[in-house]
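Counting convention: from 1, in listed order, for ligands and their atoms alike.
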Amino acid sequence: MLHIGPYSFSSRLLLGTGKYPDFKTQKEAVEVSGSEILTFAVRRMNIFEANQPNFLEMLDLKKYTLLPNTAGAKTAAEAVRIAKLAKASGLCDMVKVEVIGCDKTLLPDPVETLKATEELLKEGFIVLPYTSDDVVLARRLEELGSHAIMPAASPIGSGQGIINPLYLKFIIQQTKVPVIVDAGIGSASDAMIAMELGADGVLLNTAVAGAKDPVKMAHAMKMAVEAGKLGYEAGRIPRKETATASSPLEGLSVK
Ligand SMILES: CC(=O)[C@@H](O)[C@H](O)COP(=O)(O)O
């Protein structure tokens with residue numbers, strides 16, 4: 001089980017809700033993925049315009065936890081305002097803090113992310129900050145009381161996979177709250193590697209929404225996250241420079 005603050009989930013795959021070709025494909029992909037947490041950008045939702053099409057209306061919302069995110073915010077103040085708006089409109093009290101500090105890389109602004117996280121924790125939110133793979137910042141965010149840490153595998157939407165497995169591993173090893181690898185996942189093997197590194201979950205969007213067959217890819221991601229977790233728990237064999245026969249002949253009478 002994945003435990004985030006007071007919430008528990010059996011799936012460790014979190015899905016974003018943007019960029020799908022159509023609502024029908026999106027619904028199928030979400031269902032096949034087994035994901036229980038769906039994140040969406042509050043600023044892109046028509047939460048106050050009931051006549052506008054809204055993907056969330058197509059879902060049985062009892063099956064999902066909605067994780068509002070503050071995408072579009074460039075300052076802590078904006079992120080806090082967006083989170084409060086989401087809470088006031090009856091959405092979840094969990095929030096993914098996303099404060100972008102660079103338009104080109106879409107990497108998070110560490111200072112504003114820290115400020116927003118601190119403020120939202122004081123306000124009683126369950127806070128999941130999106131961060132780069134900065135080991136020290138991840139520690140500071142945890143010390144503030146964040147309920148999960150969400151380091152990027154690589155820039156949002158880049159599909160580059162995990163560009164710094166070592167730093168992600170450091171973050172995973174030092175962090176007691178869940179670590180959810182977020183952004184940049186391009187393939188099922190990327191998601192599996194994140195889990196094999198010891199991550200508690202993976203959040204992705206573009207890899208599924210932008211796949212040739214989003215429904216198949218959602219299924220692949222589900223299996224990859226499960227396989228990666230199982231493989232991590234099973235414990236991989238050590239890497240060696242020399243070969244060792246798989247069927248040793250020592251001790252056998254016939255050689
Ligand atoms: C949906 C969401 O929260 C994104 O900001 C997230 O970081 C996913 O990134 P990818 O699209 O690269 O999977």
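- In the displayed structure, Lys216 atom NZ is contacted under 6.0 Å by at most 12 heavy atoms of other residues, nucleotides or ligands.
- Where the criterion is an N or O separation shorter than 3.5 Å, residue side chain and backbone included, Gly16 fails it with respect to ligand 1.
- Other residues, nucleotides and ligands place more than 12 heavy atoms under 6.0 Å from the CZ atom of Phe9.
- For atom 1 (C) of ligand 1, the nearest non-hydrogen atom of the protein is Asn205 OD1, 3.4 Å.
- Counting the atoms of ligand 1 from 1 in the order shown, those under 4.0 Å from a heavy atom of Leu204 are 13 (O).
- Hydrophobic cluster membership for Val111: none, as no Ile, Leu, Val, Met, Phe, Trp or Tyr side chain comes under 4.5 Å of it.
- Not a single heavy atom of Met150 lies less than 4.0 angstrom from ligand 1.
- At the top of the distance list for atom 8 (C) of ligand 1, counting protein heavy atoms only, stands Asp182 OD1, 3.8 Å.
- Checked by distance only, ligand 1 and Lys96 come closer than 3.5 Å through their nitrogen or oxygen atoms.
- Below 3.5 Å of separation, one finds no N or O of Ser158 facing any N or O of ligand 1.
- No side-chain heavy atom of Glu78 sits less than 4.5 Å from a side-chain heavy atom of Thr70.
- In terms of N/O distances under 3.5 Å, ligand 1 is not approached by Thr39.
- The protein heavy atom nearest to atom 9 (O) of ligand 1 is Ala183 CA, 3.4 Å.
- A donor-acceptor contact closer than 3.5 angstrom links the side chains of Asp93 and Tyr7.
- The protein heavy-atom contact nearest to atom 11 (O) of ligand 1 is Thr206 OG1, 2.4 Å.
- For ligand 1, none of its N or O atoms has an N or O atom of Ile156 under 3.5 Å away.
- Counting only heavy atoms from C-beta outward, the side chains of Leu203 and Val181 never approach each other to under 4.5 Å.
- Considering backbone and side-chain N/O of Tyr130, none are found under 3.5 Å from N/O of ligand 1.
- Using a 4.5 Å heavy-atom threshold, the side chains of Pro214 and Pro21 count as touching.
- Using a 4.0 Å cutoff on heavy atoms, Gly18 does not count as a contact of ligand 1.
- For Ala71, the heavy-atom gap to ligand 1 stays at 4.0 angstrom or more.
- Contact atoms of ligand 1 toward Asn69: 3 (O) (distance under 4.0 Å to a heavy atom of the residue).
- Looking only at atom types and distance, the side chain of Ser10 has a donor-acceptor partner in the side chain of Glu36 under 3.5 Å away.
- The shortest side-chain heavy-atom distance between Leu204 and Thr206 does not fall under the 4.5 Å cut-off.
- Salt bridge Asp109/Lys115: absent, no basic N to carboxylate O contact under 4.0 Å.
- The closest protein non-hydrogen atom to atom 12 (O) of ligand 1 is Gly157 N, 2.7 Å.
- The hydrophobic cluster analysis finds Met192 isolated: no Ile, Leu, Val, Met, Phe, Trp or Tyr side chain comes under 4.5 Å of it, directly or through other members.
- The distance from ligand 1 to the heavy atoms of Gly184 drops below 4.0 Å at these ligand atoms: 10 (P), 12 (O).
- Here the heavy atom of the protein found nearest to atom 5 (O) of ligand 1 is Glu98 OE1, 3.2 Å.
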